[in-house]
Structures are given as C-alpha cells and as structure tokens.
Amino acid sequence: MKSKESAIERYIKLRELIDQMAADLETVNAGGMVCRKGCCDCCVNLTVFPVEFFAIVEGMKKAGVSKPAFDAARACGYLDEQGACVIYPFRPMICRTQGLPLAFYDEQQEGYSVTFCPKNFADDDPEDLDFGPDNTLNLDDLNDALFEIHLAYLAEHPESGYTEQTRIELSRLGEYL
Ligand code: SF4
Ligand code: SF4
C-alpha cells in the first residue's frame, strides 16, 4: 500500500509545480520582464513556515551543502558580492515567483489586481498591459496551497509547539546544517 505523502513531500511537489508555472510565465511575459542574476532589489531577509524551512534544510543536507555564507549586512544575508543568491536551488517559494505578474483578490477594489516588480514592464505603456489568467500567477491559490501544507506539517509534528502563526527566520538555516 502506498504510504501517505508527508507535508515536506507535498511542499516539494508544489515547489516543482511553481517552478514550472514560473518558467512558462517568464516565457509568456518575456518581452516585459528584466529579472536576471545579480538583480536583487527584491531580496530581503525572509521568514518562512516550518515546513518550508525544514524542506530547505533537508534538501541542502541531501545535496551535501554545508552551512551557507550569510552576510547580515546585506538586504538578504544569502546574497553574495555579485548580488547572486548562494542558496538559489533551495530558495523559498516567494523567491521563485518574485517579479512575475501576480494576481490577487483585492478587497478594496472588490476584484482581482495584479502586482509586479516596477523594474518589469517598465517600458510598456500601462494602458497596453493586458493581464489575465494566461499570463499571471494566482497568488491566492499559491498561498492557500502552501498554508494547507503548513497545517499538515503542524499535524505531523504536534510535539514541535509550532502554531498556525509560526514562521522561522531563513537566516537560521546554518543552525541545522
Ligand atoms: S533567499 Fe536568495 S532569492 Fe530569496 S531573498 Fe534571499 S538572496 Fe534573494
Ligand atoms: S523582481 Fe525586480 S528586482 Fe527582483 S530580479 Fe526581477 S527585476 Fe530584479
């Protein structure tokens, strides 16, 4: 009998799906996006749910990665001198969607709004931008899926003392490697 997927396995599957969706959206939006290695204004020190934190730790251990360099003086301590991410293959979900046009339900507008990095689509006339389900990522769906996996992780680890609100500073990866 097939064993039930763990929350970390579910997280990895969701991350793979997001990577695929992000790659497709980068292709669809290629004309307006300038995201590239070394462009790091979007990087800041992050907190993540425990399931995401420990999925990253597990992935780094499996890959034989030892304690990553962390420079507390940088906007995100995992940036190197060239503005590149030293934990790039393991980076959290939010880092994988940064820069893409992200659709979310805007309660004030009572409808969907789209947000994206101001460096992207900067040469386009805002009037010409035409965003819809085919060229945006639905942020609410992503957040809902991630939160469900977070809850599954809490149920698997009642001894942890983690709660729905628990987030862990990504800067602490080195403590677990
Ligand atoms: S983890 Fe990497 S991609 Fe994410 S904010 Fe930090 S440096 Fe940027
Ligand atoms: S989201 Fe903005 S700051 Fe980040 S890599 Fe893309 S263009 Fe650069």
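Ligands are counted one by one from 1 in listed order, and the atoms in each one are counted from 1 as well. One is the number of the first residue; the rest follow in order along the sequence.
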Self-check item: Geometric class of the Phe131/Phe116 ring pair [parallel <30°, tilted 30-60°, perpendicular >60°]
Solution: tilted

Self-check item: Numbered atoms and elements of ligand 2 in range of Gly99, under 4.0 angstrom, heavy atoms
Solution: 1 (S)

Exercise. Give the residue and atom name of whichever protein heavy atom lies nearest to atom 6 (Fe) of ligand 1, and the separation in Å to one decimal.
Key: Cys76 SG, 2.4 Å

Self-check item: Short N-O contact, Glu175 and Arg172, less than 4.0 angstrom
Solution: yes

Quiz item: Under 2.8 Å from atom 4 (Fe) of ligand 2, is there an N/O/S atom belonging to Cys39?
Solution: no

Exercise. Under 4.0 Å from a heavy atom of Asp41: give me the atoms of ligand 2 that qualify, with their elements.
Key: 3 (S)

Quiz item: Tell me, which protein residue and heavy-atom name are nearest atom 2 (Fe) of ligand 2, and how many Å apart are they?
Solution: Cys117 SG, 2.3 Å

Quiz item: Do the rings of Phe53 and Tyr176 sit parallel, tilted or perpendicular, given the 30° and 60° boundaries?
Solution: perpendicular

Quiz item: Salt-bridged, Lys13 to Glu5, with N to O below 4.0 Å?
Solution: yes

Quiz item: What residue and heavy atom of the protein are closest to atom 8 (Fe) of ligand 1, and at what distance?
Solution: Cys43 SG, 2.3 Å

Quiz prompt | Numbered atoms of ligand 1 (with element) below 4.0 Å of Leu79, judged on heavy atoms | solution = 7 (S)

Practice problem: Heavy-atom contacts with Val44 under 4.0 Å: which atoms of ligand 1 show up? List them by number with element. | Solution: 5 (S)

Quiz prompt | Protein heavy-atom partner closest to atom 4 (Fe) of ligand 1 - residue, atom, separation in Å | solution = Cys95 SG, 2.4 Å

Quiz item: Quick one: which ligand 2 atoms are inside 4.0 Å of a heavy atom on Asn120?
Solution: 7 (S)

Quiz item: In terms of hydrophobic clustering (I, L, V, M, F, W, Y; side-chain heavy atoms under 4.5 Å; direct or indirect links), are Tyr88 and Met33 co-clustered?
Solution: no

Self-check item: Enclosure of Glu159 CD (heavy-atom neighbours >12, cutoff 6.0 Å)
Solution: yes

Practice problem: Could you tell me whether Arg167 sits above the aromatic face of Phe49, with NZ or CZ closer than 6.0 angstrom to the six-membered ring centre and within 45 degrees of the axis? | Solution: yes

Exercise. Take every heavy atom of Ile94, measure it against each atom of ligand 1, and state whether any distance is under 4.0 Å.
Key: no

Quiz item: Should we say atom CD1 of Ile94 is surrounded by more than 12 heavy atoms from elsewhere, each under 6.0 Å from it?
Solution: no

